[in-house]
Number of protein chains: 2
Amino acid sequence: MSDSLSKKDDSIGAINRAKILVAAEKEFAIHGFKGTRVQRIADRAELPKTNILYYFKSKDGLYLALLQEILSLWNSSFDNAKAQDDPSEVLARYIADKMEISRCRPDASKIFALEIINGAPNLSSFFKDQHSTWMNSRVAVLRQWIELGKLPDIDPYYLLFNIWAGSQHYADFSAQITELKGHAMDQTEFANATKSLIKLVLQGCGLIVPPLYK
Amino acid sequence: MSDSLSKKDDSIGAINRAKILVAAEKEFAIHGFKGTRVQRIADRAELPKTNILYYFKSKDGLYLALLQEILSLWNSSFDNAKAQDDPSEVLARYIADKMEISRCRPDASKIFALEIINGAPNLSSFFKDQHSTWMNSRVAVLRQWIELGKLPDIDPYYLLFNIWAGSQHYADFSAQITELKGHAMDQTEFANATKSLIKLVLQGCGLIVPPLYK
DNA sequence: CAAAAACTAGACCAATTGGTCAGGTTTTTG
DNA sequence: CAAAAACCTGACCAATTGGTCTAGTTTTTG
């Protein structure tokens, strides 16, 4: 049977589904939802178009499945941070994680960005609620840090927005960055960009950068 | 006569062209290039579809005209900064300008973002060259500031990327922000976000925030 | 004021494309 | 090993949509 619940066998179906998702991620990132052609996903996955529609009921279905997989990338170490943790360590680690996603999964980041820019028409209210809940709990921890004097006064929302913006930028705007730098960023440059961002954000809100991230 | 060179008369053609551009900006920002329907631009502009194609040769032509108008927004006070200027003042002003664009022209920002995310398929190499030239001259000024000891050592590229990312985020990701905050940001909140960003960036690279922007 | 230019607009079309269908083959399973 | 389930695929279709054509109306201009 072929419901799309999680399972990672090596059946021919699982392999093809994975190939299709990889191809679709690339196509949707480059062309957007409306601009993406099922035929081109098929070409990229080296399967006939009909198979795409066989494994995923429709273009919509494929997109939704892909989006769900992408959203799971948003989980991070910051999710479990507590008031007793060290803000510098936690935030530096969080930024480093976010930068790593931008480096390794730029297309996933782009698809998410496209979705938000267009008004999040395909994000379920379940995800939105979950996201809001997550945000509230994280803002609470940041406020506790501030009360405890571990973090200088700063609006938690704008702090988080800046971390997201600053890290996702390297994935979403890679075309611009490549153009301006004259070449695509390599791993070393990503490491430097990560250090810069960590320093900017931590120092920007009055924290000391942990030695590990200098 | 109807070449699309600049002119701001009140002829019926100029008025309609302007109405179409306003409508198109909204539609392209929400649906992307491929997802935008000429008919819907027409509906929004309250003109028959044929008139859209009359004033602009094609959907492509309309999009290109709009994009060109949007690119002109990128000019700013930072363009003319010199080594003898004060980095704190210049950068604070630059960030404030960028935030103002995000607040007043969010759809323009979104269209630019969509264009870059999709690999900048419609940005002329003329614009790219111009942009690179601009970047080189700005990086040079930042480096002079560093040499003069007016600005602590920081990679000029990553500094500028962070300013762009941090400010454009408020336009491009407004759907997410609205969802997480529970409401759309008003002018007061934009003012606070601007202060936060200025403080984060300036303090982040070791500068003092000018009183005017506190 | 007449002719040219600018503008309005309904009818229509060709091309694209997501998706269906029917008839296969291969793999799994009892 | 047979039957059922899973998988493959070419032919085909209906709907959408950017764009054209033709024919008219309004505005500008010499």
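Just so it is clear: chains get the letters A, B, ... in the order the sequence lines come, proteins before strands, and each one is counted from 1.
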#### Entry: Interface residues of residues 45-52 of chain B with DNA chain C (non-hydrogen, below 4.0 angstrom)
B:Pro48, B:Thr50, B:Asn51
### Query
Can you tell me the Watson-Crick or wobble partner of D:dG30, both distances under 3.5 angstrom?
C:dC1
### A:Lys59 NZ to C:dT17 P, straight-line distance once rounded to whole Å
9 Å
### Task
Could you tell me whether A:Lys19 and A:Glu46 have a side-chain N and a carboxylate O separated by less than 4.0 Å?
no
### Task
Can you sort out which residues in residues 30-44 of chain A have a heavy atom within less than 4.0 Å of DNA chain C? Ascending by number, please.
A:Thr36, A:Arg37, A:Val38
### Query
Just by distance, with hydrogens left out, do B:Tyr63 and B:Glu115 show a side-chain donor and acceptor under 3.5 Å apart?
yes
### Query
Closer than 4.0 Å, any side-chain N/O of A:Tyr54 to the OP1 or OP2 of D:dC8?
no
### Task
Return the orientation label for the B:Phe127 and B:Phe112 ring planes: parallel under 30°, perpendicular over 60°, tilted otherwise.
perpendicular
### Task
Look at the rings of A:Trp145 and A:Phe78 and say which category their plane angle falls in: under 30° parallel, 30 to 60° tilted, over 60° perpendicular.
tilted
Less than 3.5 Å apart, which donor and acceptor atoms pair up between the side chains of residues 186-197 of chain B and the rest of the protein, not counting sequence neighbours?
from     : atom 1 : to       : atom 2 : distance (Å)
B:Asp186 : OD1    : B:Thr188 : N      : 3.1
B:Asp186 : OD1    : B:Glu189 : N      : 2.8
B:Glu189 : OE1    : B:His183 : NE2    : 3.3
B:Glu189 : OE1    : B:Asp186 : N      : 3.1
B:Glu189 : OE2    : B:Lys181 : NZ     : 2.7
B:Glu189 : OE2    : B:His183 : NE2    : 3.0
B:Thr194 : OG1    : B:Phe190 : O      : 2.7

### Task
Starting from P on C:dT25, measure out to CD1 on A:Ile12 and report it in whole angstrom.
16 Å
### Task
Could you please name the partner base of C:dT25, counting Watson-Crick and G-U wobble pairs only when both distances are under 3.5 Å?
D:dA6
### Check: B:Ser109/B:Asp172 side-chain N/O donor and acceptor closer than 3.5 Å
yes
### Message
Rounded to whole Å, how long is the line connecting atom CG of B:Leu53 with atom C1' of D:dT22?
### Response
15 Å
#### Entry: Given D:dG19, D:dC7, C:dG18, the nucleotide with the shortest approach to the side chain of A:Arg17
D:dC7
### Message
Could you work out, with side-chain contact (heavy atoms from CB on, under 4.5 Å) as the rule, every residue matching B:Ala24, not counting sequence neighbours?
### Response
B:Phe28, B:Ile41, B:Leu62, B:Leu66
### Query
Can you check the B:Asn16 CG to C:dA9 C1' distance for me, whole Å?
13 Å
### C:dT8 OP1/OP2 closer than 4.0 Å to side-chain N/O of B:Tyr55
yes
#### Entry: side-chain contact (heavy atoms from CB on, under 4.5 Å) involving A:Leu180 - partner list, sequence neighbours excluded
A:Gln176, B:His131, B:Ser132, B:Met135, B:Phe161, B:Trp164
### Query
Just how far, in rounded Å, is C1' of D:dC7 from CD1 of A:Ile20?
11 Å
### Query
Partners of B:Ala108 by side-chain contact (heavy atoms from CB on, under 4.5 Å), sequence neighbours excluded?
B:Glu25, B:Ile70, B:Leu73, B:Arg105
### Task
Round to the nearest Å and state the distance from B:Ile15 atom CD1 to D:dT27 atom P.
12 Å
